[in-house]
Participant: 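The following block contains the structure, expressed as structure tokens.
Start at 1 and go down the list; that is how both ligands and their atoms are numbered.
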Amino acid sequence: MDRGMVIIVGALLTFASSWLGLVLLPYRQLQNQQPYTASPGDDPYPRQLSEKALAGVGVYSANGCLYCHSQQVRSARFGNWWEGGEMKTGADIRRGWGNRRTVSRDYLHDRPTLLGTMRTGPDLANVGSRYSPAWQHQHLFNPRSFNAWSTMPSFAFLYRREPVEGGKRAETALRLGREWTVNPGYRWRPTDEEWDRILASQPGLADALKAANPGHFDVATPEGKARLLDFWLTTEEADHQVVPTADADHLVAYLLELRKAETPLPEAKE
Ligand code: HEC
């Protein structure tokens, strides 16, 4: 134990150097970063999030979106040296996830930054430029309504299924066939008995199908029966609707404002 002093000084130096490299130097380098204005009079980039979107950040964190989604666009040059040329991995820009790589300035207003750790799903740094509000709501309500293969969980608990009041749908109601809305979060299929009961209570169903799909088919054949069921499942429920809760509304406002990696920045060359 005559090396006590060496061990203590060594440990101190180890911690001091990592503090210097990981805390002090980045802090000195980045502390004065300002929003970027291309020419005087332009709106500075990045913009502050709206009130609604800020509330959406909380919903995004609370529901663990960042365990499956990153918010960092990789440079077009990212990849392994042996792949070379056009075949480099991580070509986020070619996938349409942004126009350039993301840099520290893109995250200037983010508290906390939600960079994410893994990419089970696509990168969301610039997802606001890709989809409409209606698409975002339907996808959150049930991702399988777009992609049967999607492994993203349904966030149906952020939506409310309620009776339609006075025959008038809410403007915000999702436009979805009953197969998705009867049992939110799942894809519903009636049992044989349920289907018989539905057919008995809906005598006009076959006529409605024929009106919507002019052509020759017979609802008495197995193929015609399958089409009738398909028609029933893909039309909207008349007496019920699915509307977003405030949380869903805030979350979608946030997703729509995610537009990093779009405005050019001088320090993001590729
Ligand atoms: C278990 C992993 C997982 C979680 C958790 C998850 N997602 Fe996803 N997400 C995916 C996968 C996989 C896809 C691709 C398939 C699809 O479009 O459904 C995806 C796709 C998306 C897309 C479409 C992106 C594009 O460019 O097509 C959006 C938007 C999205 N997720 C938002 C969210 C939000 C918001 C949350 C949190 C409420 C969330 N995701 C939670 C796995 C996940």
Participant: Could you give the distance from NE2 (H137) to CG (L255), rounded to the nearest 0.5 Å?
Facilitator: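 It comes to 9.5 Å.
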
Participant: For ligand 1, output the ligand-protein N/O contacts shorter than 3.5 angstrom; if there are none, return none.
Facilitator:
from: ligand 1; atom 1: 7 (N); to: H69; atom 2: NE2; distance (Å): 2.8
from: ligand 1; atom 1: 9 (N); to: H69; atom 2: NE2; distance (Å): 2.8
from: ligand 1; atom 1: 17 (O); to: H139; atom 2: NE2; distance (Å): 3.1
from: ligand 1; atom 1: 17 (O); to: N147; atom 2: ND2; distance (Å): 3.2
from: ligand 1; atom 1: 18 (O); to: H139; atom 2: NE2; distance (Å): 2.7
from: ligand 1; atom 1: 18 (O); to: S150; atom 2: OG; distance (Å): 2.6
from: ligand 1; atom 1: 26 (O); to: R130; atom 2: NE; distance (Å): 3.0
from: ligand 1; atom 1: 26 (O); to: R130; atom 2: NH2; distance (Å): 3.0
from: ligand 1; atom 1: 27 (O); to: Y131; atom 2: OH; distance (Å): 2.6
from: ligand 1; atom 1: 31 (N); to: H69; atom 2: NE2; distance (Å): 2.8
from: ligand 1; atom 1: 40 (N); to: H69; atom 2: NE2; distance (Å): 2.8

Participant: Would you confirm whether the ring centroid of Y159 sits within less than 6.0 angstrom of the ring centroid of F141?
Facilitator: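 Yes: the rings meet the under 6.0 Å criterion.
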
Participant: Under 3.5 Å, is there a donor-acceptor pair between the side chain of D123 and the main chain of Q72?
Facilitator: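 Checked: pair present.
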
Participant: Does the separation of the ring centres of Y186 and W180 fall below 6.0 angstrom?
Facilitator: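 Here the rings of W180 and Y186 have centres that are no less than 6.0 Å from each other.
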
Participant: What's in the same ILVMFWY side-chain cluster as Y107, cut-off under 4.5 Å, chained through other members?
Facilitator: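 For the cluster that includes Y107, the remaining residues are L115.
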
Participant: Within 45° of the ring axis of W188 and under 6.0 Å from its six-membered ring centre, is that where the NZ or CZ of R178 lies?
Facilitator: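 Because its charged atom misses either the 6.0 Å distance or the 45° angle limit, R178 does not stack over W188.
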
